[in-house]
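Let me begin by presenting the structure, written as structure tokens, before commenting on it.
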Amino acid sequence: MVLVQVQHVDQDHRAAGPTGAGKNEARTPASDYAPAISLGLTHRIYPDGQAVAVISGELDAATADRAQEYVRQVIDRSRGPVRVDLAGVSFCDARGLRTLVGVAAYARAAGRRLSLVAPRPAIVKIMRITGVDANFPELAQPSFPSTRL
């Protein structure tokens, strides 16, 4: 499993600190640091060439590029269809959606079928609202919850 840790660090050291001192005093209060964001990436390639890539955590601007590269490598190493398991994805922003569309296009160009497995209903809903679901025919299946308004 690959674990990516992303941490926000305050880059503005010119602001006055808690003592009101000059512009060159560094500020590092705990509120200036965001919690680390984790992205879990694992995969399995089966003897028949099929593959499953598992993404967990937050799929957003901070993690999407790494996830995209990882799934592309899984596509390159497999010989058959690739399933992307999203059951562990707790959040997905526009950059994450773009990543999913990008890996689907990459798989098609490589002559492979890519499908999504177990996305959370909130993620399916935003995919339907934005039209991203058109890239994933399996989202139209009755097994996916209806989130249309």
Side-chain angles (χ1 to χ4, degrees), residues 1-15 17 26-149:
M1 179 167 151
V2 175
L3 185 63
V4 178
Q5 293 287 329
V6 179
Q7 191 170 27
H8 170 76
V9 178
D10 182 17
Q11 297 293 320
D12 186 3
H13 296 292
R14 296 171 295 151
R27 292 186 316 130
T28 56
S31 63
D32 284 352
Y33 295 95
I37 300 169
S38 296
L39 175 68
L41 300 167
T42 61
H43 74 280
R44 178 169 206 131
I45 299 175
Y46 294 93
D48 65 358
Q50 294 186 49
V52 177
V54 179
I55 301 174
S56 60
E58 296 184 2
L59 187 56
D60 59 15
T63 60
D65 289 341
R66 178 66 188 121
Q68 184 169 13
E69 180 59 30
Y70 187 86
V71 176
R72 282 181 171 193
Q73 290 175 8
V74 172
I75 292 166
D76 290 342
R77 292 176 183 161
S78 68
R79 297 183 324 272
V82 176
R83 292 175 292 168
V84 179
D85 184 340
L86 300 177
V89 174
S90 58
F91 176 79
C92 183
D93 69 3
R95 183 63 183 92
L97 292 177
R98 190 168 78 184
T99 292
L100 296 174
V101 171
V103 296
Y106 187 84
R108 280 191 301 274
R112 304 230 185 27
R113 187 166 90 59
L114 184 133
S115 60
L116 302 181
V117 177
R120 292 181 185 215
I123 294 173
V124 173
K125 181 177 182 178
I126 196 68
M127 292 177 89
R128 288 181 174 156
I129 290 169
T130 60
V132 168
D133 63 326
N135 293 280
F136 305 98
E138 67 277 6
L139 294 181
Q141 300 297 323
S143 63
F144 281 91
S146 177
T147 57
R148 295 201 188 268
L149 301 175

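Small disclaimer: the values here were computed from a predicted structure and weren't measured.
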Heavy-atom side-chain contact between [X] and [Y] under 4.5 Å:
X: Pro81; Y: Arg112; result: no
X: Glu58; Y: Ser90; result: yes
X: Phe91; Y: Asp60; result: yes
X: Val71; Y: Leu41; result: no
X: Tyr106; Y: Asp76; result: yes
X: Val132; Y: Ile126; result: no
X: Asn135; Y: Leu114; result: no

Search all heavy atoms of [X] against all heavy atoms of [Y] and return the closest pair with its distance.
X: Ala64; Y: Arg95; value: CB-CG, 3.6 Å
X: Arg83; Y: Val52; value: NH2-CG2, 3.1 Å
X: Pro119; Y: Leu139; value: CG-CD2, 4.1 Å
X: His43; Y: Ile45; value: CD2-CG1, 3.9 Å
X: Met127; Y: Leu97; value: CG-CD2, 3.5 Å
X: Ile75; Y: Val103; value: CD1-O, 3.7 Å

*Distance in Å, Leu100 CG paired with Cys92 SG, rounded so as to fall on 0.5 Å steps*: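 Between atom CG of Leu100 and atom SG of Cys92 there are 5.5 Å.
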_Gap between atom CG of Asp133 and atom CZ of Arg128 - 0.5 Å precision_ = 6.0 Å
*Only one of Leu116, Val74, Val117 passes side-chain contact (heavy atoms from CB on, under 4.5 Å) with Val84; say which it is.*
Leu116
*Examine distances only and state if a side-chain atom of Arg79 and a backbone atom of Pro47 form a donor-acceptor pair shorter than 3.5 Å.*
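Judged by distance alone, yes, a pair lies under 3.5 Å.
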_Test of understanding: with side chain to side chain donor-acceptor pair (under 3.5 Å), list the residues that count as partners of Asp93, not counting sequence neighbours._
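By the side chain to side chain donor-acceptor pair (under 3.5 Å) rule, Asp93 matches no residue at all.
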_One pair to check against side chain to side chain contact (heavy atoms under 4.5 Å, CB included): Ile55 and Thr42. What are the steps and the verdict?_
CA-CA 7 Å; Ile55 301 174; Thr42 61; over 6 Å; no
